[in-house]
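All remarks here apply to the structure that follows.
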Amino acid sequence: MESAQPAASTAENEHLRVSNLTMAYGSFVLQRDLEFTVDRGDIFIIMGGSGCGKSTLLRHMIGLKEPAKGEVFYEGESFTAASDERRNEILRGVGVTYQTGGLWSSMTLAENVGVPLGEYTDLTADEIREVAALKLALVGLRGFEEYYPSQISGGMQKRAGLARAIALDPKVLFFDEPSAGLDPISSHLLDELILQLRDNLGATVLIVTHELASIFAIGNNSVFLDAKSRTMIARGDPKYLKDHAENPEVRKFLNRGG
Amino acid sequence: MCLRLAGEWYLRHGLPDLDDVRGAFDAGGVKRISFATADVAGWDSALVTFARQVAHLAAENGAGVDLGGLPEGARHLLELAEAVPERSGARASEERKPLLVRLGESAIEARAGAVEMLSFVGEVTVAFGRFLRGKARFRAVDLGLMLQHCGADALPIVTLISLLVGLILAFVGAVQLEQFGAAVYVADLVGIAMTREMGAMMTAIVMAGRTGAAFAAQLGSMKVNQEIDALRTMGISPLEYLVLPRMLALCVMMPLLCIYADLVGILGGAAIGVGMLDVAPAIYLQHTVEAVSYTDLFGGIFKASVYGVLVALSGCLRGMQSGDSASAVGDATTAAVVTAIVLVICASGLFAVVFYILGI
């Protein structure tokens, strides 16, 4: 295990921390002893080969799965040990976009974005419509308010999912394979959008991906999960790890096997 | 030994059998095997597969293989196929477990299934409690849609089924009762049978196949599409948001559908009574009214309410338990209908016993 670049994070700018986390399905251990810190404003990449548990790690961080061992901390507070109510409060500051979009298929895009607003704000129906239209416009979906998820393309569904994730101006944004199934141009536009949102919302971003282009374009910190040894084998800035990672598997991955 | 191959080697012509080669190995003395393919007119994967089989045979018999004689493309493909060594344990082992082990495993599974069902019932009850206190969160528009889906949209099929059940009951009864010249009692028979038993039961079965299956399919595909995850991370309980409106809608609509089914069934009986047995409509009506007691009617409606809960529970439970793939949604749908029908029939048996003991 090695730790490369950015300088060790201090308590003030630590936003999320995963401590000694072990993930398992029954008796099958998927990953063990995961330990990393995500700083405020980071674009943090969770990378690794297929099937190594990247998406599962994300699910653990948002409470969709319970760790077999270890804890997840939000701003120094244990999320794992928190009560259900407290977890919901923490999650109110978290936006998640899902691999498949996860849009509610029985609602229009505006209604999808409006659900979290209706649940957690006192806005009137008209105001919710306005805010939802703004969020959709931010992701480039102006005029699509009344469309149903099934009527738009995959890339647009991803962006609509993003609009819903940012509905409550979250402090943390999770992306599960944002560019999977997108053409290079849409994928690039999505990267740009993520950067913009990070800068303008001041959010911390965590991305599960194995798209090298995205990893180098926007990531400034990362953790590398290995399927064989079932633990993380590198962490740090991916651009640095590309040439300087001690583990040859990591260098191989970041250089497309070359 | 050199294998001289000739002619066309295409998959559509089938693969040659290996008996000759195997025979040569069995005879012994083959140290090395090579190929001569100058006469091969054309080839595709058939040739590569054959060469691979020969190579494996040779390896088993400790002989060397010289691939040099194969066409260049075929040789490269063969090398590519052998490039990555077989991963140990990658082949699924179809080990047959002893009967006792399988019996034990399914017993443990059945227990886990029962626990899961009970805890689901508990969670739904809690959600229902929150609804009664006005704290449950779901969209009114969803409830409206579900009410329409479970109510008005189900009318055509409920009409058809209960009309036919009424007709059938009247037919069966008529044959027997006419022998005693008591054809008019068809009215009593159909009236009592429909209100006490058949109206509720047939409605429940129709709704299990129609609505219970739809619930499971909807919830299952929402799970596949991560819509349920999205609700959870937003702190919205899927049980309140998705399951509660479905349960409520079916529980409200089942008794109403049951009353409707009773009426249509009696109409069906009347069609036979009046049309075939020449009972005067007024007399038929009078007999029905006299025969059917309020206990019969409300007993049937009560049963329908219980069946409604059972059908909705099975549909929602199986849907929420569904796995994350398209085939899992299919399985969930099937399981929902089977569970619902089994529960309804069991409940019906239980009611028969309890009503008998209570003298209703």
Side-chain angles (χ1 to χ4, degrees), chain A residues 26 55-56 58-65 79 82-108 111-120 125 149-150 154 157-158 160-162 164-165 167-168 170 172-174 176-177 227-228, chain B residues 83-84 87-90 105 108-109 112 123 126-127 130 135-149 214-215 217-243 245-246 249 319-320 322-326 328-329:
Chain A
S55 295
T56 312
L58 186 147
R59 293 171 71 79
H60 277 79
M61 294 182 79
I62 52 178
L64 289 174
K65 283 238 178 312
F79 179 76
S83 67
D84 281 357
E85 286 89 50
R86 183 66 197 134
R87 278 188 179 198
N88 282 343
E89 278 171 38
I90 295 174
L91 286 176
R92 218 159 298 165
V94 173
V96 188
T97 66
Y98 296 87
Q99 208 166 346
T100 55
L103 292 167
W104 297 305
S105 44
S106 60
M107 299 183 207
T108 64
E111 285 172 334
N112 262 286
V113 181
V115 166
L117 295 165
E119 287 294 321
Y120 296 116
S150 56
Q157 288 183 10
K158 286 255 161 85
L162 178 53
R164 185 180 65 185
L168 292 170
V172 188
L173 265 173
F174 285 95
D176 193 0
E177 308 263 5
K228 247 180 265 160
Chain B
V84 179
R87 200 156 121 204
S88 60
E105 275 176 355
I108 292 170
E109 257 170 51
E123 285 171 48
V126 170
R130 286 176 60 86
K135 280 163 80 182
R137 294 182 298 188
F138 58 83
R139 299 200 312 162
V141 84
D142 280 346
L143 180 60
L145 275 176
M146 285 301 150
L147 281 171
Q148 187 192 343
H149 177 72
F215 286 177
Q218 288 160 357
L219 295 175
S221 43
M222 283 184 174
K223 191 152 188 192
V224 174
N225 194 24
Q226 294 181 300
E227 293 177 39
I228 291 183
D229 287 345
L231 280 176
R232 283 223 171 90
T233 45
M234 253 167 222
I236 301 171
S237 157
L239 231 41
E240 285 176 23
Y241 210 79
L242 301 173
V243 173
R246 288 176 168 75
M320 295 296 283
S322 159
D324 292 341
S325 67
V329 175

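Here the structure is a predicted model, which is why all the values come from computation and not from measurement. Quick note on labels: first sequence line is chain A, next is B, and so on, each numbered from 1.
Here the closest non-hydrogen pair linking A:T97 and A:A165 is CG2-CB, 3.8 Å.
Of the two parts of A:Q157, neither the backbone nor the side chain holds a non-hydrogen atom closer than 4.5 Å to a non-hydrogen atom of chain B. In this structure, no portion of B:L145 lies under 4.5 Å from any heavy atom of chain A. Contacts between B:V224 and chain A at a heavy-atom distance below 4.5 Å involve the backbone alone (N, CA, C, O). Within the 4.5 angstrom heavy-atom criterion, no atom of A:R87 approaches chain B. Using a 4.5 Å cut-off between heavy atoms, A:L103 touches chain B through its backbone atoms (N, CA, C, O) alone. Contact annotation for A:V115: only side-chain heavy atoms (C-beta onward) come within less than 4.5 Å of a heavy atom of chain B.
B:E227 and A:S105 share a donor-acceptor pair across their side chains, judged by distance under 3.5 Å alone.
Among residues two or more places apart in sequence or in another chain, the salt bridge (charged side-chain N to carboxylate O under 4.0 Å, His left out) test is passed with B:R232 by none.
In this structure, A:I62 and A:F79 have side chains that are not in contact, with every pair of non-hydrogen atoms separated by 4.5 Å or more. Between A:V96 and A:D176 there is no side-chain heavy-atom pair separated by less than 4.5 Å.
Ranking A:Q99, A:R92, A:E89 against chain B, the residue ahead of the rest is A:Q99, based on heavy-atom pairs under 4.5 Å. Among B:L231, B:I236, B:D229, the residue making the largest number of heavy-atom pairs under 4.5 Å with chain A is B:D229.
In this structure, A:N112 CG and A:L117 CG are separated by 11.5 Å, a value rounded to the nearest 0.5 Å.
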